[in-house]
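Read through the structure below, which is laid out as structure tokens, and then see the notes.
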Amino acid sequence: MAATKMQESALERFVRKTREVFAAEAQPERRWPALEPILAELLADPTVIEASKSWPDCVVVDGRPENLLFYQDPEFGFAVNGLIKGQARQSSRTVAHDHAHLYTLYGVLDGHERIERYERLDDGTQAGRADIRKSADVLVGPGEIDLVKPFEIHQEVTVGERTVAVIIRSESVGDIEAGRYEPETGKYWQALGPRQTACEMLPRARQAGQPAAPA
């Protein structure tokens, strides 16, 4: 009897489709919008929504935030992250920042938060200084996706509830030094991106394409 093809998990399907886009489209300006419906499918998958209830909260240690690392592609380099802001971060805001040269798709899976965007007003020639002005302030919720292009300045602000995001980046952000900004003072500096903590997105049974074990 022919072997039965194992069913893809939501993450496996997402990775396969993302790799197909990376292979077919080399231009970032076309590649990253093409990935949005693929991420939207992942955000709507019930197995991912259910699994996310057990993902650990991301914590800040010595001023450096944390991302969960669900997957990094060995060929194309893109990384799939999770960002969970739990009880300790339900009244917080990230530092205004950019992602250096990386492209990022930030998808909200659960909860609500505000995303603020900034435009830079100076020419960048004065060391340690960046004059920026808020250009957008949007409340986002489950299923909404934000495309952050290289060096675009933004920050996320919690609104008093647990928020869960799934993020795909053009490469791992953990070893990248990127810009940090204080809008009120004009201070600018660079710092490493979030710490990367390996984590399984889905239970092992689902990742292997097998039914979950009975309770």
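Numbers here simply count residues along the sequence, with the first being 1. Heavy atoms only: backbone and side chains are in, while hydrogens, waters and symmetry mates are out.
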**Report entry** Phe70-Trp55 aromatic ring centre distance below 6.0 Å
**Finding:**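 Yes, they do, as the ring centres are separated by less than 6.0 Å.
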Query - Close aromatic pair by centroid cut-off 6.0 Å: Phe78 and Phe22 - result: yes
Report task. Kindly check if the number of other-residue, nucleotide or ligand heavy atoms within 6.0 Å of CG (Asp123) is above 12? Result -> yes
Query raised in the report: Is the NZ atom of Lys134 crowded by more than 12 outside heavy atoms at less than 6.0 Å?
Result: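 Check passes, neighbour count above 12.
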Requested in this report: Only counting residues at least two apart or in another chain, list the ones meeting side chain to side chain donor-acceptor pair (under 3.5 Å) with Glu182.
Outcome: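 Result, side chain to side chain donor-acceptor pair (under 3.5 Å) vs Glu182: Thr185.
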Classify the side-chain pair [X]/[Y] by whether it contains a donor and acceptor separated by less than 3.5 Å.
X: Asn81; Y: Arg169; value: yes
X: Glu152; Y: His99; value: no
X: His112; Y: Glu161; value: yes
X: Thr158; Y: Glu113; value: no

With a 4.0 Å cut-off on N to O distance, would you call [X] and [Y] a salt bridge?
X: Glu116; Y: Arg114; answer: yes
X: Arg19; Y: Glu75; answer: yes
X: Asp122; Y: Arg129; answer: no
X: Glu8; Y: Arg16; answer: yes
X: Glu41; Y: Arg13; answer: yes

Are [X] and [Y] connected, step by step, through hydrophobic side chains (Ile, Leu, Val, Met, Phe, Trp, Tyr) whose heavy atoms are closer than 4.5 Å?
X: Tyr71; Y: Leu69; value: no
X: Tyr181; Y: Ile115; value: no
X: Tyr103; Y: Leu105; value: yes
X: Tyr118; Y: Phe151; value: no
X: Leu39; Y: Phe76; value: yes

Any heavy-atom pair between the side chains of [Y] and [X] that's under 4.5 Å?
X: Thr104; Y: Leu147; answer: no
X: Val48; Y: Leu42; answer: yes
X: Ile145; Y: Leu43; answer: yes
X: Ser172; Y: Gln72; answer: yes
X: Ile153; Y: Arg117; answer: no
X: Val95; Y: Gln155; answer: no
X: Leu109; Y: Pro142; answer: no

Query raised in the report: Yes or no on salt bridge (charged side-chain N to carboxylate O under 4.0 Å, His left out) for Asp98 and Arg180, after CA distance, side-chain angles and deciding distance?
Result: CA-CA 7 Å; Asp98 63 45; Arg180 303 291 185 266; 5.3 Å; no
Query raised in the report: Using a side-chain heavy atom cutoff under 4.5 Å and only I, L, V, M, F, W and Y, what cluster partners does Leu102 have?
Result: Val173, Ile176
